[in-house]
Amino acid sequence: MSDNQLRVVWVYPDLLSTYGDQGNVLVVERRARQRGLDVARLDVRSDQPIPTSGDIYLIGGGEDRPQRLAAERLRRDSGLPRAVENGAIVFSVCAGYQILGHEFVNDLGQREPGLGLLDVVSVRGEGERCVGDVLGDIDSRLGLPPLTGFENHQGVTHLGPGSRPLAQVRIGKGNGSGDGTEGAYNDTVFGTYMHGPVLARNPLLADLLLKLALDVNALPPTDDRWYEALRNERISAAQQPA
Ligand code: GLN
């Protein structure tokens with residue numbers, strides 16, 4: 001943070017923002033303001049350079065072709081890896097998550113390089129598309145309540161030793177790699193298949209991003225009754241028999 005201002009960057013809303021992923025930006029912004037922080041939100045379209053001085057970067061999901069275009073532009077731009085070198089926190093969803101890995105399979109069926117910010121590789125799943133509500137247990141090191149989200153993806157993601165699974169699924173597919181994991185993270189970069197928007201369904205995950213960006217251990221409490229109602233509704237929906 002500089003000038004006591006938290007800079008939140010929403011990467012490529014014109015290409016990557018399916019299933020209400022914009023909500024992730026709104027939740028981070030709102031929860032930061034509720035803690036008295038001055039927030040500057042920057043929406044960076046795909047024809048604009050990615051600033052390297054942001055504190056938190058959010059990237060959403062997308063259809064296969066926009067995903068390839070976004071990956072091409074992010075590779076050419078190189079602002080996001082530079083921001084990570086500067087210590088920025090990155091939170092990515094679905095197509096955005098795949099792009100942050102070493103490689104994914106694009107809409108042309110070709111292996112396409114990602115940014116290599118997360119030690120994961122994504123391939124195209126051979127089975128049915130993973131669609132539906134998900135319930136999982138977040139890695140206990142993060143000290144967060146269960147993960148709720150909605151998934152819709154064909155990709156399957158394999159984790160390398162440099163990334164930890166964000167969660168283990170109880171219901172749903174997540175990474176789809178057969179080990180029950182969902183998402184991945186390292187010290188500053190997070191990826192998940194969860195839409196929802198996931199930070200509205202898991203506000204303490206948004207708070208984790210804020211704490212990492214601010215380098216603090218705790219934040220003042222907020223009134224989370226609205227979030228709790230949403231969580232309860234979606235968790236019971238996930239538990240209904242298909
Ligand atoms: N195109 C990717 C897949 O199907 C990501 C989809 C998404 O972002 N919802 O795996």
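Whatever order the structure lists them in is the order used to number ligands and atoms, beginning at 1.
Of the possible donor and acceptor atoms, one in the side chain of Arg35 sits under 3.5 Å from a partner among the backbone N and O of Arg31. Checking side-chain atoms of Asn186 against main-chain N and O of Ser163 turns up no donor-acceptor pair under 3.5 Å.
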Under 3.5 Å: N or O atoms of ligand 1 paired with protein N or O:
| residue | atom | partner | partner atom | Å |
| --- | --- | --- | --- | --- |
| ligand 1 | 1 (N) | Asp64 | OD1 | 2.3 |
| ligand 1 | 1 (N) | Gln67 | OE1 | 3.1 |
| ligand 1 | 4 (O) | Gln154 | N | 2.9 |
| ligand 1 | 8 (O) | Gly62 | N | 2.9 |
| ligand 1 | 8 (O) | Gly62 | O | 3.1 |
| ligand 1 | 8 (O) | Ala95 | N | 3.1 |
| ligand 1 | 9 (N) | Asn152 | O | 3.0 |
| ligand 1 | 9 (N) | His195 | NE2 | 3.4 |
| ligand 1 | 10 (O) | Gln98 | NE2 | 3.0 |
| ligand 1 | 10 (O) | Gln154 | N | 3.2 |
| ligand 1 | 10 (O) | Gly155 | N | 2.7 |

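Distance CG/Leu26 to CG/Asp21: 11.0 Å, rounded to 0.5 Å.
Looking at Tyr193 and Gln98, their side chains do bring a donor and an acceptor atom within 3.5 Å of each other. No donor-acceptor contact under 3.5 angstrom links the side chains of Thr148 and Arg234, judged on distance only.
Of the charged side-chain nitrogens involved, none lies within less than 4.0 Å of a carboxylate oxygen, so that Arg73 and Asp47 do not count as a salt-bridged pair.
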